[in-house]
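Here the structure is laid out as structure tokens; the discussion comes afterwards.
We're numbering straight along the sequence, starting at 1. Every number for a ligand or one of its atoms is a count from 1 in the order of the listing.
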Amino acid sequence: MKTAIAGYPRIGGRRELKFATEAYFAGKIRCEELEETGKQIRRENWKTLKDAGIDFIPSGDFSFYDLMLDTACMVGAIDSQYRYPGASDLDIRFTMARGRQEHECDLPALPLRKWFTTNYHFIVPHISDDTHFSLTGTGPLEAWKEARDLGIITRPTVIGPFTFLTLASFSGDRTLANSLSSLTAVYVSLLNLLHQEGVSVIQIEEPALALDLNEEAVRHFAQCYREILQSPSRPAIHLQVSFGDVRDAYDAITRLPFEAVGLDFIEGKKNIELLTQKPLLPGTALIAGVISGRNIWKADKGATEHLLEVIKRLCPEVIVGTSCSLLHVPVSLDGETRLDAKIRDKLSFAKEKLDELVFFASREYTAAHGTTSANITRETRQILPDTSETTRTPSRSDRRKIQDKRFCFPQLPATTIGSFPQTHELRMLRAQKRRHEITEEAYDKSIRQMIQECISFQEEIGLDVLVHGEFERTDMVEFFSDGLEGFVYTSAGWVQSYGTRCVKPPIIADDVRRKRSLTVETAVYAQSLSKKPVKGMLTGPVTILNWSFPREDISRADICFQIARALRDEVLDLEANGISIIQIDEAALREKLPLRAEDWRSDYLDWAIPAFRLTHAQVRPETQIHTHMCYSEFSDIIGEIDAMDADVISFEASRSHLSILESLAASNFQTAVGPGVWDIHSPRIPTVEEFVSTISALPSFAGGIWINPDCGLKTRGNREARESLRNMMEAVKRVRQK
Ligand code: GLN
Ligand code: ZN
């Protein structure tokens, strides 16, 4: 069998792209140098893929920022404001991605959104009445030529028109329906050009086919690809669908003469069933995505061989592939010398996955890649919680009375989400500690000074519930997993999150238990500095799970309950040490909601919500539990969010405006709500008047309203953060008087 991969990481083995791009942003290197770094990374990747013996090697999967953004630029979907005088192609791209504030020029960035259920964020293209699609770039062709000149024949890849428009935002009269045919025409001319230049095969990625699609959407998809496939002069087309199964579009796919269709057999749970019910057209090969592009374990040998056997019985021509682009796993294990050999042997990053593909395609056993067995196989006690373990008593309304008496907050109590700006000074301090240039004691002392200063600032402006500022944490997950047994760290397991931002998710390799108290000392110290309550601050079990690479021998539900029990111990420890309000952040709860509505509950919410409840169910009635979620796109799961049974929830609302508030009010949401009144993702400082009008416009809620920013402040500058908070508090005071 042949092998194909959908895409390869583009940050470089040592994050070269990040450093070069940031140097370019800072004006330290020229555009040509940045381009050169890109070229080197591409060359190195192609060579790696070729040496590994991959048959379909991708090109065009590289990007200086994001492929959706590149696609927008390729088809002419660039708002005219971004074409400012003197801007190069790359500058236009970076401006669309990051905005630009200089002299007279004040261009907002396009929004970022999560790419399906991954932790990668793409740039959301904007289609307005002024958007006229035309082929304004030939990126895939140039990439293909660049590889060819190195003697490597590749399969260029592009994001397809259906996915592009499904994820785009529209204004004016524009819709997907009235934009698709003109966009399809642009793809037809691209394919024409590729064909003329000698490209024999192209991959078109259409992950939007893994979403819930109605009949009209499927009709649009089919119409678009009929036109593309009918084009007389085109390369062979490999349709690639990752992140789920194609249950709605499968029938349409089987009627279209693709040369190959790539399906995800890791996350696409219905794909086998679909193939069993109806074969692909004769002449359409199947690219079987049996190697996970989402997790870092070697594939289970027996299970994968069995899966391939089943697939081969259903399709005459099978190519062995990855479930999705390898962008979502770290580059290679080469630098991981510090990992325990027992764990390392079970891991497979992007580079190692190439060997796995070749192994399963050729069935030639070699010691290097032959020892594939499932990750952890030790006996784990799995104890599912019963309802008493996940139910807090008394009821929320009874608790509210007790808590009201205890805290006596004014109307519209005000707080912040947790972190304060991570200043240059703080980063330097951390670097010094890493390099052992300062002692632990000196480090702790400096952190304590920052906490002290942070608390006195909050007292001065008059917040009601304070935070310690989270100066001791680099990351919401790493900090916690460090104090928990069962987590393993890589030295360089970086994965791109967006643009130049990379994350290094920990690996859950064993049963999770609390090794020691995680936050008690800091929380107690911070509380000692004020008479007002200072929140204990934890990351919730679902978020810790979602931002790690999970083991695969037990279910995600089981892992999540293990983390939840460890956190429960911490919650009770905080309470026992006099902390009266504890916030348990679930920043990433919404993001792993399954793509298909019919799977939301059974595959996810039915365990995720109880796991959260387990962390706080045993606290006393007078202890107040807060939670925070970063996105407010939860109007479809309001009941479940309320069932987390927190006393107070804060969430983002300043960008999504009032729609979520109306749905919450209409569904008689019982948790007290803190809809973010300040968009902390923007450096703008809102005025007192703006805050007054935002706050005055808030509808009333059964559980009451809190005033807060819409997320932590760690990415903001000190001055803007403090001025904004001061304005927010001034506004709160004015509204209270009214
Ligand atoms: N408590 C965290 C902070 O304030 C929450 C971060 C987040 O929601 N992403 O930084
Ligand atoms: Zn947040």
*Using the benzene-type ring in the case of Trp, are the ring centres of Phe243 and His328 under 6.0 Å apart?*
yes
_Minimum side-chain heavy-atom gap His468-Phe420 below 4.5 Å_ = no
*Could you say whether the N/O atoms of Trp547 and ligand 1 ever approach to under 3.5 Å?*
no
_With heavy-atom distances below 4.0 Å as the criterion, list the atoms of ligand 1 near Asp585._
1 (N), 2 (C), 5 (C)
_side chain to side chain contact (heavy atoms under 4.5 Å, CB included) for Arg551 and Ile559? Distances and angles first, verdict last._
CA-CA 8 Å; Arg551 58 196 277 202; Ile559 304 173; 3.6 Å; yes
*Check each atom of ligand 1 against the heavy atoms of Cys711 and keep those under 4.0 Å away; list them by number with element.*
7 (C), 8 (O), 9 (N)
*Taking atom types as modelled and ignoring hydrogens, do the side chains of Ser580 and Gln624 form a donor-acceptor contact shorter than 3.5 angstrom?*
no
*Ser419 and ligand 1 - part of the residue with a heavy-atom distance under 4.0 Å*: both
_Using side-chain heavy atoms (C-beta onward) and a distance below 4.5 Å, is Leu538 in contact with Asp585?_
no
*Find all atoms of ligand 1 within a distance of less than 4.0 Å from any non-hydrogen atom belonging to Ala587, and give their numbers and elements.*
7 (C), 8 (O), 9 (N)
*Under 4.5 Å between any side-chain heavy atoms of Arg565 and Arg513, yes or no?*
no
*asked:* For the aromatic rings, using the six-membered ring if either is Trp, is the centroid distance between Phe651 and Phe634 under 6.0 Å?
replied: yes
*Heavy-atom contacts under 4.0 Å between Met629 and ligand 1: side chain, backbone, both, or neither?*
neither
_Tell me the angle that SG of Cys711 and NE2 of His628 form around the Zn ion (ligand 2), rounded to 10°._
120°
*Which of the atoms in ligand 1, numbered in the order shown and given with their element, are less than 4.0 Å from a heavy-atom of Gly418?*
4 (O)
*Inspect the surroundings of CD in Glu723 and state if more than 12 heavy atoms from other residues, nucleotides or ligands are less than 6.0 Å away.*
yes
*Give the numbers and elements of all ligand 1 atoms closer than 4.0 Å to a heavy atom of His628.*
8 (O)
*Mark up the atoms of ligand 1 that fall under 4.0 Å of a heavy atom belonging to Cys630, in ascending order.*
7 (C), 8 (O), 9 (N)
*Report yes if some N/O of Ile417 lies less than 3.5 Å from some N/O of ligand 1; otherwise report no.*
yes
*Is a side-chain donor-acceptor pair under 3.5 Å present for Tyr65 with Thr500?*
no
*Looking at Gly712, which atoms of ligand 1 are within less than 4.0 Å of one of its heavy atoms?*
3 (C), 4 (O), 10 (O)
*Go through ligand 1 atom by atom and flag the ones less than 4.0 Å from a non-hydrogen atom of Lys714.*
10 (O)
*Considering only non-hydrogen protein atoms, determine which one is nearest to atom 6 (C) of ligand 1 and report residue, atom name and distance to 0.1 Å.*
Met476 SD, 3.5 Å
